[in-house]
Amino acid sequence: MVEQLSEAERADALDGLPEWDFDEARDAITRTIVFTDFAEAFGFMAQVAILAERMDHHPEWSNVYNRVDILLTTHDAGGLSERDVQLAGAIDGILGG
Ligand SMILES: C[C@H](O)[C@H](O)[C@H]1CNC2=NC(N)=NC(=O)C2=N1
């Protein structure tokens, strides 16, 4: 059973994820990435999709042309968990950060 992060754990996690914002209403983290065009954005989404399947943890996201909006939260935990932190770190890795 995956546990929701405590406030202190969340603060620590966010320190390590400077590109991500905390969404208090959803108990989630969000990041928006703007690429040069749709092909770049969709190529990134394809990489994240493979990663998400491998990690069995899936983003809520949307794409408009060159922009990808990502929200990570753990439905099984009712909020942010270590699994979101791990997926966010892996996404940052794809982006070279
Ligand atoms: C059965 C399967 O492991 C679960 O439903 C996984 C799949 N992907 C998931 N993704 C996210 N974001 N939250 C979850 O709780 C979750 N649960």
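Nothing here was measured: the structure is a model prediction, and the numbers come from that model. Whatever order the structure lists them in is the order used to number ligands and atoms, beginning at 1.
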Side chain proximity check, Ile94 to Val48, heavy atoms < 4.5 angstrom: yes
Using the side-chain contact (heavy atoms from CB on, under 4.5 Å) criterion, which residues pair with Ala28? Sequence neighbours excluded. Asp23, Arg26, Leu71, Thr73
Start with the C-alpha gap between Asp12 and Arg10, add the side-chain angles, then the distance that decides, and say whether salt bridge (charged side-chain N to carboxylate O under 4.0 Å, His left out) holds. CA-CA 5 Å; Asp12 275 355; Arg10 184 181 75 222; over 6 Å; no
Checking side chain to side chain donor-acceptor pair (under 3.5 Å) against Arg31, which of Asp69, Asp21, Asp92 comes through? Asp92
With Met45, which of Ile70, Ile33, Ile50, Val68 fulfils side chain to side chain contact (heavy atoms under 4.5 Å, CB included)? Val68
Between the side chains of Glu40 and Asn66, is a donor N or O closer than 3.5 angstrom to an acceptor N or O? no
Can you list, by chain and residue number, every protein residue with a non-hydrogen atom closer than 4.0 Å to ligand 1? Asp56, His57, His58, Thr73, Thr74, His75, Asp76
